[in-house]
Amino acid sequence: MVSELHHEGGDPSRRQFLTQVARGCCAAAGLPGALAFSGGVLLGQEGKDSGPVDCGPPPMAKPQNRTGGEAFPPLPLPVTPLRRTEKKKPPAPPALVGKMALGPIRFALREGKRVQYRDWMTDPADLDSLLTWTNQKLGIHYRKVETDFDHFSYDPRELPALLFSGHNQFKLEENVRQALARYVLDGGMILGDACCGWKDFNEAFRREIAAMFPGRPLRKLTPDDPLLASYYKLGAFKYQKADGSRYEDAPCLEGITVGCRLAVVYSPADLTCGWDGHDHPRGLRVVIDQARQVGANYITYLLGSYQLGRFFSTTKVYHQAEEPNRDDFVFAQIIHDGDWDPDPSAAHNLMKYVRENSTLKVKFKRVNIQLKDPKAMGYPLLYMTGHHEFAWTREEAAWLQRYLKAGGMLLADACCGRLAFHRAFEREIRKVLPDHKLEPLPLDHPLYHVHNDIQRVEYTPRVTEDFGPLNAPALSAILFEGRPAVLYSRFDLGNGWEQFPHPYSYGYSERDALAIGTNILISAVTH
C-alpha cells in the first residue's frame, strides 16, 4: 500500500533535505489493454503509428501581469497624458525538465477542421500539471520547457532531465543517440513514459535505449530503490485498465544506473495522463493520485542526485597503471555479472587517503579481474561491490575457495546498502564455503585496531532513519584461525571512499568508511 512519507506534523528531515538539494542543484547547474507486471507487460494492442491525437487539454493560459504607466496617444496631443496598461513579465523560474519533441508532423480532422499535431503533443499539459502540483506540494519553484534534437545543447547544466512520452513509433538518428548517451553520462536523466501504456511507443523506447546503452539493460526497480522512497514511500502501484477496473501490483518502473545514480527511468504504464489529472477508456495507467506521487518522487530524486551525476561524469586516472607491480599494493576488483563497478572513483580515493595517512606503500593502480584469472592469486585482497543480483558459476566458486584457503582475503561491499546485492552475496558465499557462516566481526578483533582504533562509527542519515541509532561498526566475517578470509559490509563503504555525498545511501560516514578501509588494506598487506 502507498503511504505518505512526509506529512504535517511529521519528521521534517525530508523537507529540509529537499530544500538543501534544490538549492544545490540550482547553484551547480547555473539555473536561475491489460498488464501483468509479475509475468510480463501486455500493453495497448494497436498497430504502427496508431496513437490517438490527444489525451488531455492544453496547458492553462499563463496569467497576464500588468502594471500601470503613462503614455501619449497619437497627435493631436491633449494637455494631460493618458494612462495605459503595460504587460510586466516576471522572471522565469529555472527549467528542470525538458519535454522532447518526437514523431513527424501529422494532420487530422478535429471538429471539422484540419489541424497539425505531433505525437509528443498528445498530452500537452503533463509536465506543467506535475510541476504545478509538486511546486506546491514540495515547496519548490521549477518549470518545464519544450525542446527538440536540433536545438538542444545536450548539456545537463541547461536541462537536468528530458521526458520522452507518446503513443507512436519513433526512431533516432545515430548522432542523436550518441549525444543522448553522452548527456546521461555527463549527469543528465532521461524519463520515459508510454502514454496510455501504448505498445508502439513501448517498443520504440526500449529499442532506442538499448542502442544508446549497449550492455546496460533496463532493469525492474527493486522495492528498496531510492526513487521509490525519495519523497513518498511507495509500495504496490494501483493500476486502471481500459474498462475502468483497478488492481494492485508491483511497481512497473524500470531503470538504468550510472554509478550509484538512476540515470534512465521508464514506465511502460501511463503516468503522464495521471500528472495531468485525467483518465479515459483507453490503454493502461497508474491512477491519478499515485501517478502524481511517483512524479513527486521523480522530481525529488532528480534534485537529490543531480550533483552526484555531475561527479560521476569525471574519470579518475590511475597514473601508475602501466608501471610494473614490484612489491607495492595493487587494488584488485572482481568483475561479475551484476553492476560490478558502481563507484569508479572509490579505489582511487581510498588509496590516495591511505598513502597520505599511513606508512603503507600504495601504488595508484586498480586491476579489474575475472574470477579464475591465474593472475588473481597474486593479489592479497580481492574487492567486489554492486547494487544488483549476481551469481557465480560452480567453477568460479571453486576457484575462490582455493584462493581464500591459500591465504587471500575477499572484501565485499553492498553498494548503497542495497538488498539485492546483500541477498545475492549471502547466497553465493555459501556456495564457496558451505561449511562456514558469515558472523559479526567482534569489536575486539585486531582488524578494528590495526591502524585506526575503531570502536564507534557514524552512519548516513538513511541508516539512522530506517535502522535506528546505530553507532558500532557492523562488518561480518568468515575467519580462518582468526584471520578474516571473507569480510562483508552490509552498509556501504565505497560511497564514503569516493568522498562525495550520496544522498540515498545506506552506509558509513565518509570519515569512518575511510578509517575502516585503511585498516582493511593494512591488514590484508601485513597479515
Side-chain angles (χ1 to χ4, degrees), residues 325 327-336 340 347 350-351 354 358 360-362 366-367 369-386 390-414 421-455 457 472-494 497 508 513 515-527:
N325 287 358
D327 296 324
D328 294 328
F329 180 84
V330 178
F331 196 98
Q333 185 159 341
I334 295 173
I335 300 170
H336 56 81
W340 62 273
L350 174 63
M351 289 189 288
V354 171
S358 78
L360 185 65
K361 300 293 184 182
V362 179
R366 188 187 84 168
V367 295
I369 64 162
Q370 300 274 0
L371 288 182
K372 303 180 300 181
D373 186 336
K375 296 178 182 178
M377 280 290 182
Y379 301 121
L381 174 71
L382 299 180
Y383 172 71
M384 68 177 298
T385 186
F390 73 94
W392 286 323
T393 65
R394 183 179 301 178
E395 187 180 2
E396 288 172 329
W399 184 96
L400 185 55
Q401 183 185 91
R402 290 194 299 272
Y403 168 82
L404 296 173
K405 290 184 175 181
M409 179 190 294
L410 171 66
L411 170 62
D413 176 24
F421 182 91
H422 170 68
R423 290 168 178 165
F425 182 78
E426 287 190 327
R427 181 194 67 233
E428 295 301 303
I429 201 62
R430 285 195 295 270
K431 293 181 183 177
V432 177
L433 299 170
D435 298 328
H436 298 78
K437 184 180 178 181
L438 281 169
E439 301 283 359
L441 187 67
L443 286 176
D444 61 353
H445 192 278
L447 184 136
Y448 285 129
H449 314 285
V450 66
H451 181 75
N452 299 297
D453 187 25
I454 302 170
Q455 300 185 47
V457 296
L475 296 180
S476 298
I478 293 176
L479 303 179
F480 287 176
E481 299 180 350
R483 173 185 68 84
V486 178
L487 280 173
Y488 173 61
S489 182
R490 166 68 177 84
F491 299 114
D492 186 283
L493 291 168
W497 297 347
Y508 292 93
I516 292 171
T518 300
N519 280 19
I520 291 173
L521 292 192
I522 291 176
S523 180
V525 172
T526 59
H527 294 81

- Message: Quick check: closest heavy atoms across Trp392 and Leu400, and the distance to 0.1 Å?
- Response: CH2-CD2, 3.6 Å

- Note on the structure: The reported gap from NE2 in His451 to CD1 in Ile516 (rounded to nearest 0.5 angstrom) is 13.5 Å

- First locate atom NE2 of His336, then atom CG of Leu371, and finally report the distance between them rounded to the nearest 0.5 Å. 9.5 Å

- Nearest-0.5 Å distance, CD1 of residue Ile369 to CD1 of residue Ile334: 6.0 Å

- Message: Does Arg366 form a side-chain contact (heavy atoms from CB on, under 4.5 Å) with Tyr383? I'd like the steps, not just the answer.
- Response: CA-CA 10 Å; Arg366 188 187 84 168; Tyr383 172 71; over 6 Å; no

- What heavy-atom pair brings Thr393 and Glu396 nearest, and what distance separates the two atoms? N-OE1, 2.8 Å

- Would a 4.5 Å heavy-atom cut-off, applied to side chains only, mark Leu410 and Val432 as touching? no

- Where is the tightest heavy-atom contact between Ala513 and Trp497, given as atom of each residue plus distance? O-NE1, 2.8 Å

- Item | CA sep, side-chain torsions, deciding dist, call: Thr385, Leu493, side-chain contact (heavy atoms from CB on, under 4.5 Å) | CA-CA 10 Å; Thr385 186; Leu493 291 168; over 6 Å; no

- Query: Given the rule in the side-chain contact (heavy atoms from CB on, under 4.5 Å) test, do Gln401 and Lys405 qualify, once you have shown the distances and angles that lead to the verdict?
  - Reply: CA-CA 6 Å; Gln401 183 185 91; Lys405 290 184 175 181; 3.9 Å; yes

- Note on the structure: Residues Leu443 and Pro473: closest non-hydrogen pair is CD2-CG, 3.5 Å

- Message: Is it the case that the side chain of Asp373 and the backbone of Lys375 share a donor-acceptor pair, with hydrogens and angles ignored and the cut-off at 3.5 Å?
- Response: yes

- For the residue pair Phe390 and Phe425, does the interplanar ring angle fall in the parallel (under 30°), tilted (30 to 60°) or perpendicular (over 60°) class? tilted

- Note on the structure: In this structure, CE of Met409 is separated from CG of Leu404 (nearest 0.5 Å) by 10.0 Å

- Query: Parallel, tilted or perpendicular: which fits the ring planes of Tyr488 and His422, with parallel below 30° and perpendicular above 60°?
  - Reply: parallel

- Tell me, yes or no, whether the heavy-atom count around Arg423 atom CZ, taken from other residues, nucleotides or ligands under 6.0 Å, exceeds 12. no

- Go through the steps for Glu428 and Lys431 under the test salt bridge (Lys or Arg N to Asp or Glu O under 4.0 Å), then give the verdict. CA-CA 5 Å; Glu428 295 301 303; Lys431 293 181 183 177; 3.0 Å; yes

- Message: Could you check whether any side-chain N or O of Ser523 sits under 3.5 Å from a backbone N or O of Asn519, counting only pairs where one atom can act as donor and the other as acceptor?
- Response: no

- Task: Any chance you could measure Arg483, atom CZ, to Ile478, atom CD1, to the nearest 0.5 Å?
- Result: 11.0 Å

- Give a yes or no on whether the backbone of Gly482 and the side-chain of His445 come within a donor-acceptor separation of less than 3.5 Å. yes

- Message: Could you report the tightest heavy-atom contact between Phe331 and Leu350, atom names first, then the distance?
- Response: CE1-CD2, 4.3 Å

- All heavy atoms of Ala524 vs all of Pro380, minimum pair found to be O-CB, 3.7 Å

- Query: So do the side chains of Met377 and Trp399 get within less than 4.5 Å of each other, counting heavy atoms only?
  - Reply: yes

- Item | Atom pair CD1 (Ile520) and CG (Leu447), whose distance is rounded to the nearest 0.5 Å | 5.5 Å

- Task: Given side-chain contact (heavy atoms from CB on, under 4.5 Å), test Met384 with Trp340 step by step and report yes or no.
- Result: CA-CA 7 Å; Met384 68 177 298; Trp340 62 273; over 6 Å; no

